[in-house]
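To start, the structure itself, in structure tokens.
Labels below follow one simple rule: chain letters A, B, ... track the order of the sequence lines, proteins then strands, and each chain is numbered from 1.
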Number of protein chains: 2
Amino acid sequence: METTAPTLSRKAQIDQTATALFRRRGYAATSMRELAAALGIEAGSIYSHIRSKEEILHRICFRLADEFMAGLRQATADASASAATQLRRAIESHVRVLIHDADASVVFLHEWRHLSEPALSEFLKLRHSYEAAYRELIARGVEAGELQTPDPAFAALTLFASLTWLPNWYRKDGKLGPDQIAERLTDQLLGGLAK
Amino acid sequence: METTAPTLSRKAQIDQTATALFRRRGYAATSMRELAAALGIEAGSIYSHIRSKEEILHRICFRLADEFMAGLRQATADASASAATQLRRAIESHVRVLIHDADASVVFLHEWRHLSEPALSEFLKLRHSYEAAYRELIARGVEAGELQTPDPAFAALTLFASLTWLPNWYRKDGKLGPDQIAERLTDQLLGGLAK
DNA sequence: TATGGTTCCTAACGTTCGTTAGCAAGGCTG
DNA sequence: CAGCCTTGCTAACGAACGTTAGGAACCATA
């Protein structure tokens, strides 16, 4: 099981370096020669490991989509938990992914538009279903009286906004951990919260 | 006064078309030939009106910075108003700019990083002072007991997040106007609000 | 009727882009 | 030791990039 890891090693290294560059400079403004220089090799050499520049972006975006989706599924797996609890768990999971994979998350959030079809449509479908699940979670919580908010749709928007903005200010050495951030978000945006 | 308007007409048209393209495809991914095609002319012709591609971006970013700054100054001009009232007015003004100049706002929010020095540093300084003013406004409101929030710094972050996210969902034909959005933001993010 | 400003064209410049072909060195596995 | 896989190189391809030069209409004002 450890024997296949070195096989993907260089490719994973390319993904990781590209992720950092895509985040800092943007996908379109990052050239393959820049990426190669950051890796200490020549531009042509990259193509021994990947098929195209967009393939890297594709891999980043869909890997993160998988991580976010998996977190959501896990958070909502326990059907006996209240909607508010499921929501808080989902937010916690989302924040954890954002923090643990910060560079890739930013690429996922902002560079997906440079995907070409049909990957673009597939990506947008995933994103839509993810957001819809959150909206439904909030609606169920409000309906059950576990959450209070004057406008559920508006609360959902504010929630996504805060989650998307998080990588802009989060510092690893800050005083807030994932759980505390998730708690604050839930409290601040959704009034009460039933355990 | 109307005679100088036609003089700038073509240049303004270039700015406007470029703004829409920069928003949809990103600055780096938008070519001068694309921009020319959208204008119905050849690429070289653009340079009768502008000096460089970056000059367009520069003009967009700093024009919006001016608009946001002017709104903030106006909202805080009345020193006799409470901090909470000044904050609500500032948010209202910000939302109004976002909605009225949606394309340019998105470019302002996301494409500024493609500015080169020294414009980049100048831009960041403006942005920092703008955010600092909001943080101070919130702090003053909390100190005066007009606003309630468990964590003022966190509330400021959530506020900027919601404002930045707004162009992503706002539709002109939606049911919420600028004032209602500003009111909801203030209420949702800052507990009570003294008139 | 001359002049100057605005507008746009064609043609091309030098550079950079993503990508490919062909080859070679090194290491692991049979 | 043979073969394969990984890794990287040099050199170059065609395309696209931002930008410039030089010229030509058009339209206003003097």
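Remark: P of D/dT19 and CD1 of B/Ile50 are 7 Å apart, rounded to the nearest angstrom. Atom CD1 in B/Ile41 sits roughly 6 Å away from atom P in C/dC9 (whole-Å rounding). For the pair B/Ile46 CD1 and D/dT20 C1', the computed distance is 14 Å after rounding to whole Å. For the pair B/Ile14 CD1 and C/dT6 P, the interatomic distance rounds to 13 Å; values are reported in whole Å. Regarding B/Glu34, its CD atom lies at a distance of 11 Å from the C1' atom of D/dA16, rounded to whole Å. Here C/dC17 presents its C1' atom at 14 Å from CG of A/Leu35, a figure rounded to the nearest Å. What separates NZ of A/Lys53 from C1' of C/dC17 is a distance of 9 Å, to the nearest Å. Here C/dT19 presents its P atom at 10 Å from CD of A/Glu55, a figure rounded to the nearest Å.
Comparing C/dT19, D/dG8, D/dT19 by their nearest atom to the side chain of A/Met32 picks out C/dT19.
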Which side-chain N or O atoms in residues 152-162 of chain A pair as donor and acceptor under 3.5 Å with protein atoms at least two apart or in another chain?
residue  : atom : partner  : partner atom : Å
A/Thr158 : OG1  : A/Phe154 : O            : 2.8
A/Ser162 : OG   : A/Thr158 : O            : 3.0

What donor-acceptor contacts under 3.5 angstrom involve side-chain atoms of residues 122-133 of chain B, with partners at least two apart or in another chain?
residue  : atom : partner  : partner atom : Å
B/Ser129 : OG   : B/Leu126 : O            : 2.9
B/Tyr130 : OH   : B/His94  : ND1          : 2.6
B/Tyr130 : OH   : B/Tyr134 : OH           : 3.4

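Contact check of residues 17-30 of chain A against DNA chain C (heavy atom, cut-off under 4.0 Å) returns A/Thr30.
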Quick test: give all pairs of protein nitrogen or oxygen and nucleotides 21-26 of chain C nitrogen or oxygen below 3.5 Å, distance rounded to 0.1 Å.
none

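The number of heavy-atom neighbours closer than 6.0 Å to CD of B/Gln74, taken from other residues, nucleotides and ligands shown, is 12 or below.
Using a 4.5 Å heavy-atom cutoff, the side chains of B/Leu147 and B/Leu87 are in contact.
By the side chain to side chain donor-acceptor pair (under 3.5 Å) test, A/Arg24 pairs with no residue at all, sequence neighbours left out. By the side chain to side chain donor-acceptor pair (under 3.5 Å) test, A/Arg51 pairs with A/Glu55, sequence neighbours left out.
In this structure, A/Leu137 and A/Ala90 approach most closely via the heavy-atom pair CD2-CB, 4.4 Å.
Between A/Arg33 and A/Glu42, the residue anchored closer to the 5' end of DNA chain D is A/Glu42, taking for each the nucleotide with the nearest heavy atom.
Looking only at atom types and distance, the side chain of B/Gln86 has no donor-acceptor partner in the side chain of B/Arg89 under 3.5 Å away.
The side chain of A/His49 places no N or O atom within less than 4.0 Å of a non-bridging phosphate oxygen (OP1 or OP2) of D/dT6. For A/Tyr47 and C/dT19, the shortest distance from a side-chain N or O to OP1 or OP2 is below 4.0 Å. Close to D/dC17, at under 4.0 Å from its OP1 or OP2, lies a side-chain N or O of B/Ser31. Between B/Arg10 and C/dC8 there is a side-chain N or O to OP1 or OP2 distance below 4.0 Å.
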